[in-house]
Amino acid sequence: MLSSRYNGGMLTDLILGTAGHIDHGKTSLIGALTGILTDRLPEEKKRGITIELGYAHLELPPFRLGIVDVPGHEKFVRQMLAGATGMDLAMLVVAGDDSIKQQTREHLDILRMLNLPSGVIALTKCDLVEEDWLELVEDEIRTLVQGTFLENARIIRTSAKTKEGLDELKQALIEAAEVAATSNRAQRLQAPFRMAIDRVFTIEGHGTVVTGSVNSGSLNVGDQIEIQPGDHNVRVRGLQNHDSSTEEVHRGQRAAINVAGIHHNDIERGHELCANGHLVPSRMMTVSLNVLSNEHRPVKDRQRVRFHVGTAELFGNVRILGQDEILPGESGYAQIYLNEPAVAIWNQPFVVRRQSPVETVGGGRILHPNACRLRKPTELDLEMVRQMGSDETIKRASAACYLSDEPDLKSEALSRTAGIVESEQAFEQLKGQGELIEIRLSVSRTALVHKQRFEQIADRVVKRLGKMHDAEPLRFSHLRRTVEAAFAYLEQPELLAVVISELAARKTITIKNDAIGLVGRGPKLSKGEQAILGELISLVKSQGFTPDTAADLQKSARKNKDSVPQLLSLAAENGDLIKVDKDYYFHVDVINDAKEKIAAAVQSAGGQSVSDIRKLLDVSRKYAVPICEYLDSIEFTRREGDTRVLC
């Protein structure tokens, strides 16, 4: 059944991309089919090859094909990849007098990675060779395309010079277009607008103009949209489709868009125009990666690659999940760490090329375009990655929420991260099943997180504390900020505070002032250490407001001197001693005595200076200053000029 867009007599717009080796006649064939010469640069016309992308259009009712003519030279494969974005069907071009060449193979590999539904094969320059030779070339082509989407495609013998085969080629294109029009690729008219930019320039009197193939949705003159990455808000001043002004462009069309609100120097190939909020830039993408079977080497973990997605070419590192490498002809899961942010959606194709020598090694599908980093993936992590390829939307929605790096999950993100149209319905189902839980970040802020992600963070906090207890067995607890530093990667720091509070409510951990520890963990002191601890506490208490420094206490110990610093910290954690600064510990009773004396003096005589407090406690400045600063730090007093008053 054909698309409803042409059942009613309307033309269905699709993008046809060419592919093939340099000088195999792609541009001449397009010219013969359409009357449009796609070579537009002086150098292209002089050298007789396509260097940049060229465009034409062809009406073959009930279809209207926007044609992208890509360069065939190996130096310009990056341009070919940019032109491949948005293709609905392909035309593989092979010269009858030259047969299959290196770029024929590489272009076919790239088309395979794009997961196109249909295409045709055009055998060009057939007027230059004999019948027997053409039969041999056709046999070679059939062998080449075996196992690809072109395996059953028609091979049409053509000649741009004599016009041989053009009518037959047009009919073959109609047949291939019928297949493409019924694929999911052609059903994106209702999706949010999106167009990868493949060219940007300026026109005097009009300003910035960008061109590309509309990947989804529709756009009208006057619409407000975004350019990503960069969060640039722009307004549509004018639209053109195939050199004609129009009020609207939609999925499957080539478009030139005149935008207001941005200078053309701030846009480049690789950026995308999109509906507001539809795309979110990311430097981390989780993918399914297929390595070409004709590759000689595997793709290894941490390998540096060129990553092509949309019209963008970026450098990145492959982090393979659950294994060390992916062998030729095999597939696996990976995360791509990009040098710069890019935008993508779930199930979008990508291509990977070596950094050097520059050659295509594989490609695949985006599983999550805004992924959290999976440093040491657990089995749960890997299962969620696998679920991103599920046909069950609710499984995919759950996995997308689990793997997201966005601090607050929103239902509308599921269209981008999981390809779900009924995103609100899926979101409500996940909440009803308890897979998404609401947490309170502050008095006025709440957020939704995946329950399994919340529990994973809680488990990691417990494991981190366990390791800290193992490393310092004489401590009941550890500085909270030290624990928090291990979770600095979290996009939402408040989430960690909620996790810690929940663990305390479960009585898994204890929280005391600025320290936390595991319940049941703490020092198991020997009799000798217990004796030294008691002696230290008694000694510090007896010294009142003039205790020895921590270093002096360690020197004066009769034995086990190395344990004194940890024993002092332990006494402070237990509340027997108070660490006032890096040098001094005071007994808790002594500090409470100081509080009472200072409070009474302030209430009686007003603010107290350091000199007043020194006389009040009968100590020198070296003790009075740290005591005053400590009382300020716990907000018992505060400094106003040179005096202290009560908080």
Side-chain angles (χ1 to χ4, degrees), residues 13 15 36 38 40-41 52-57 64 66-68 78-79 82-87 188-283 309-314 340-345 348 369-370 410 412-413 415-416:
D13 291 291
I15 302 296
I36 299 171
T38 57
R40 54 185 173 81
L41 301 177
E52 268 292 351
L53 300 172
Y55 308 103
H57 57 277
R64 178 169 47 211
I67 303 175
V68 182
R78 59 181 299 200
Q79 280 91 328
T85 294
M87 282 186 187
R188 299 183 189 154
L189 281 170
Q190 304 308 315
F193 177 80
R194 181 185 180 203
M195 186 189 84
I197 295 169
D198 53 36
R199 195 156 61 104
V200 57
F201 52 92
T202 183
I203 297 177
E204 187 174 354
H206 295 273
T208 301
V209 176
V210 297
T211 69
S213 300
V214 181
N215 188 268
S216 66
S218 61
L219 186 69
N220 293 276
V221 173
D223 284 352
Q224 297 284 341
I225 53 177
E226 294 178 343
I227 295 179
Q228 295 286 9
D231 293 319
H232 299 292
N233 294 305
V234 297
R235 179 176 57 85
V236 179
R237 295 178 60 182
L239 295 168
Q240 280 196 350
N241 171 233
H242 303 314
D243 299 324
S244 297
S245 295
T246 182
E247 290 297 309
E248 183 252 14
V249 293
H250 54 254
R251 192 259 168 272
Q253 290 184 325
R254 288 290 308 172
I257 304 175
N258 182 199
V259 293
I262 190 170
H263 194 278
H264 70 279
N265 287 337
D266 294 327
I267 311 174
E268 60 187 31
R269 177 182 287 175
H271 287 171
E272 300 209 17
L273 275 177
C274 62
N276 292 332
H278 178 47
L279 299 177
V280 176
S282 174
R283 293 177 61 184
V309 62
T311 55
E313 178 191 31
L314 306 105
E340 302 174 48
V343 290
I345 62 172
Q348 182 173 340
N370 304 98
K410 303 292 184 184
E412 54 267 28
S415 64
R416 176 183 75 254

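What you see is a predicted model; the values in this text were computed from it and never measured. Heavy-atom basis, side chains included; hydrogens, waters and symmetry copies ignored.
A side-chain contact (heavy atoms from CB on, under 4.5 Å) with Ile15 is found for one member of Asn215, Val214, Val68 and no other, namely Val68.
Contact record, Asn258 with His206: ND2-O, 3.1 Å, taken as the closest heavy-atom pair. Contact detail for Arg254 and Gly66: the closest heavy-atom pair is CG-CA, 4.4 Å. Closest non-hydrogen pair, Glu340 versus Leu314, comes out as O-CD2, 3.4 Å. Annotation for Val309 and Ala342: closest pair CG1-CB, 4.4 Å, computed over non-hydrogen atoms. Across all their heavy atoms, Val221 and Gly238 have their closest contact at CG2-CA, 4.3 Å.
With a 4.5 Å cut-off on side-chain heavy atoms, Val236 and Ile257 count as touching.
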Start with the C-alpha distance between Glu313 and Arg269, add both sets of side-chain angles, then the distance that settles side-chain contact (heavy atoms from CB on, under 4.5 Å), and finish with yes or no. CA-CA 9 Å; Glu313 178 191 31; Arg269 177 182 287 175; over 6 Å; no
Worked verdict on Val209 versus Gln240 for side-chain contact (heavy atoms from CB on, under 4.5 Å): CA-CA 10 Å; Val209 176; Gln240 280 196 350; over 6 Å; no
Start with the C-alpha distance between Asn370 and Arg416, add both sets of side-chain angles, then the distance that settles side-chain contact (heavy atoms from CB on, under 4.5 Å), and finish with yes or no. CA-CA 9 Å; Asn370 304 98; Arg416 176 183 75 254; 2.9 Å; yes
Steps toward side-chain contact (heavy atoms from CB on, under 4.5 Å) verdict (Met195, Val210): CA-CA 10 Å; Met195 186 189 84; Val210 297; 4.1 Å; yes
N/O donor to acceptor pairs below 3.5 angstrom from side-chain atoms of residues 274-283, sequence neighbours left out:
from	atom 1	to	atom 2	distance (Å)
Ser282	OG	Met284	N	3.0
Ser282	OG	Met284	O	2.8
Ser282	OG	Pro369	O	3.3
Arg283	NE	Leu338	O	3.0
Arg283	NE	Asn339	O	3.4
Arg283	NH2	Leu338	O	3.4
Arg283	NH2	Asn339	O	3.2

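Annotation: side chain to side chain donor-acceptor pair (under 3.5 Å) contacts of Thr211 (sequence neighbours excluded): Asp198. Checked against side chain to side chain donor-acceptor pair (under 3.5 Å), Glu248 has the following partners two or more places apart in sequence or in another chain: His250. Residues passing the side-chain contact (heavy atoms from CB on, under 4.5 Å) test with Thr202, sequence neighbours excluded: His264. With sequence neighbours excluded, no residue forms a ring pair (Phe, Tyr, Trp, His ring centres under 6.0 Å) with His232. Residues satisfying the side chain to side chain donor-acceptor pair (under 3.5 Å) test with Gln228, not counting sequence neighbours, are Glu226, Asp231.
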